[in-house]
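To start, the structure under review is shown below, and the notes come after it.
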Amino acid sequence: MTDAAPWSLAEHAPLQALNTFHVHAHAPRLLRVADTNALPEALAAAGDGPLLVLGSGSNVLLAANPEGTVLCFDNRDVSILEHRADHAIVRAGAGTNWHELVMWSLAEGFSGLENLALIPGTVGAAPIQNIGAYGAQVGEFIHLVEVWDRHENQCVQVERAACHFGYRDSVFKHEADRYLITAVQFRLPLLNELRLGYAGIGEELQTMGVAQPSASDVANAVIAIRRRKLPDPDVLGNAGSFFKNPQLPCEQVDVLVRQYPALPVFPGEDDAHRKLSAAWLIEACGWKGQRDGDAGVSPNHALVLVNHG
């Protein structure tokens with residue numbers, strides 16, 4: 001820790017810079033915690049009432065001023081807890097920028113997170129909906145999650161199996177009022193089988209002139225694809241691609257595919273289900289590029305809602 005205060009509390013705090021839609025909202029109280037050891041003291045100072053945890057506000061739409069206290073974690077420490085011949089255990093504070101962690105891990109020679117490059121948000125937010133992209137999900141590489149258990153009023157380590165990771169799902173999503181994620185420990189392989197067959201990664205690598213890609217090459221390909229498809233939140237307010245691909249029983253999928261042969265279909269979480277492309281469905285309904293006042297859908301990506309105001 002530096003000499004900076006372990007936490008701070010401000011009243012009637014603006015939140016425009018804390019959400020990527022850039023909505024002009026205010027919090028009755030904004031609690032920022034840099035040292036999670038001081039979290040009990042900070043929470044006591046904030047008092048009772050609703051508590052909303054914001055990472056970088058990249059998966060949230062503030063439809064009104066939130067009630068109670070908004071909590072932001074500012075702990076951005078990253079360390080290697082264990083370094084073995086085939087993997088490392090890396091610990092990152094909840095406030096760490098997710099993309100910066102991905103690029104740091106690759107520079108250190110670790111792999112696994114390359115397909116998750118340039119996802120907006122913080123490390124603390126990543127396990128909640130088990131963020132995923134281009135054929136990978138973060139839950140595959142999480143060793144354990146450090147939390148403040150509000151029911152037990154103590155710090156707890158939640159092992160990976162107890163996180164109950166699923167498609168955009170976890171125990172933290174279902175018990176949001178109980179667990180405050182303070183840090184995440186990742187088990188990162190030194191050599192991981194690269195995933196090249198999803199959403200144009202192979203074609204992007206070919207365009208880049210890369211015949212034998214490394215994990216860093218895959219990350220650079222993902223970054224190029226995302227920058228080409230997704231609007232920059234600093235230029236046009238948006239929360240990235242945040243729709244969930246629907247999963248349906250195989251017999252329903254077969255009916256849809258017979259009617260719409262071009263509908264993309266992916267493996268589901270079990271043999272009885274298949275996953276459909278939400279992007280294709282939304283675009284087929286004519287919503288891509290639609291606008292109503294300042295609200296709309298990106299003309300470049302059907303899964304991105306944007307704020308033109």
Side-chain angles (χ1 to χ4, degrees), residues 4-34 36 39 42-43 45-76 93-100 118-126 128-129 131 133 168 172-173 176-177 180-182 226-227 229-244 278-279 282 287-309:
W7 59 273
S8 65
L9 184 64
E11 295 186 353
H12 194 61
L15 299 177
Q16 186 183 16
L18 295 177
N19 74 97
T20 58
F21 271 121
H22 309 309
V23 171
H24 288 271
H26 286 77
R29 294 179 299 276
L30 176 62
L31 178 63
R32 306 197 72 119
V33 176
T36 55
L39 186 57
L43 290 173
D48 296 329
L51 183 69
L52 171 66
V53 182
L54 275 184
S56 61
S58 57
N59 202 32
V60 124
L61 173 57
L62 298 171
N65 290 332
E67 299 179 357
T69 300
V70 171
L71 168 62
C72 293
F73 285 106
D74 289 332
N75 56 328
R76 301 183 178 94
T96 306
N97 177 276
W98 172 256
H99 177 64
E100 290 179 5
L118 211 64
I119 293 179
T122 58
V123 166
I128 296 174
Q129 69 157 354
I131 61 170
R168 302 297 179 269
F172 311 110
K173 192 171 185 178
D177 292 334
L180 301 179
I181 295 176
T182 57
R226 291 183 70 94
R227 283 181 172 159
K229 288 187 173 182
L230 301 174
D232 185 346
D234 290 335
V235 177
L236 181 63
N238 73 89
S241 172
F242 68 95
F243 285 87
K244 185 176 180 180
I282 293 169
W287 280 98
K288 185 177 180 180
Q290 289 293 321
R291 177 174 177 174
D292 184 358
D294 285 336
V297 180
S298 169
N300 298 321
H301 200 310
L303 296 183
V304 181
L305 298 182
V306 296
N307 175 18
H308 293 281

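To the nearest 0.5 Å, atoms OG1 (T36) and CG (L180) are separated by 11.0 Å. A distance of 12.5 Å separates CD1 of I282 from CD of Q290, quoted to the nearest 0.5 Å. Rounded to the nearest 0.5 angstrom, H22 NE2 and N307 CG are separated by 8.0 Å. Residue R29 holds its CZ atom at 13.5 Å from NE2 of H12, rounded to the nearest 0.5 Å. Residue S241 holds its OG atom at 9.5 Å from NZ of K229, rounded to the nearest 0.5 Å. The distance from the CG atom of L52 to the OG1 atom of T69 is 10.0 Å, given to the nearest 0.5 Å.
Summarising the local packing, CG of D232 is surrounded by more than 12 heavy atoms from other residues, nucleotides or ligands at distances under 6.0 Å. Other residues, nucleotides and ligands place more than 12 heavy atoms under 6.0 Å from the CD atom of Q16. Counting non-hydrogen atoms of other residues, nucleotides and ligands closer than 6.0 Å to CG of D294 gives a total above 12.
Residues L305 and F21 form a side-chain contact, since some pair of their non-hydrogen atoms from C-beta on lies under 4.5 Å apart. Counting heavy atoms from C-beta outward, L15 and V23 have side chains that stay 4.5 Å or more apart. Counting only heavy atoms from C-beta outward, the side chains of C72 and L30 approach each other to under 4.5 Å. A heavy-atom distance below 4.5 Å is not found between the side chains of L61 and N19. Inter-residue side-chain proximity for N300 and V306 is flagged as unmet; no heavy-atom pair is nearer than 4.5 Å. With contacts defined as side-chain heavy-atom distances shorter than 4.5 Å, the pair V297/V304 does not qualify. Between T96 and T122 there is no side-chain heavy-atom pair separated by less than 4.5 Å. Put simply, the side chain of L31 does not reach to within 4.5 Å of the side chain of V70, judged on heavy atoms.
Closest approach of F73 and I181 over heavy atoms only: CE1-O, 3.5 Å. The heavy-atom pair separating S56 from G121 by the smallest distance is OG-CA, 3.1 Å. Residues A25 and L62 share a closest heavy-atom pair of CB-CD1, 3.9 Å. Across V33 and A42, no two heavy atoms sit closer than the pair CG2-CB, 4.0 Å. Minimum heavy-atom separation, P120 to R226: CD-NH2, 3.8 Å. The two residues A5 and A34 have their closest heavy-atom pair at O-CB, 4.1 Å.
A side-chain donor-acceptor contact under 3.5 Å links K173 to the backbone of R168. A donor-acceptor pair under 3.5 Å is formed between the side chain of T20 and the backbone N or O of N238. Without hydrogens or angle criteria, N65 side chain to P28 main chain gives no donor-acceptor distance under 3.5 Å.
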Any chance you could lay out the side-chain contact (heavy atoms from CB on, under 4.5 Å) test for N97 and R76, step after step, and finish with the verdict?
CA-CA 8 Å; N97 177 276; R76 301 183 178 94; over 6 Å; no

Give the C-alpha distance, both sets of side-chain angles, the deciding distance and a yes or no for side-chain contact (heavy atoms from CB on, under 4.5 Å) between I131 and W98.
CA-CA 11 Å; I131 61 170; W98 172 256; 3.8 Å; yes

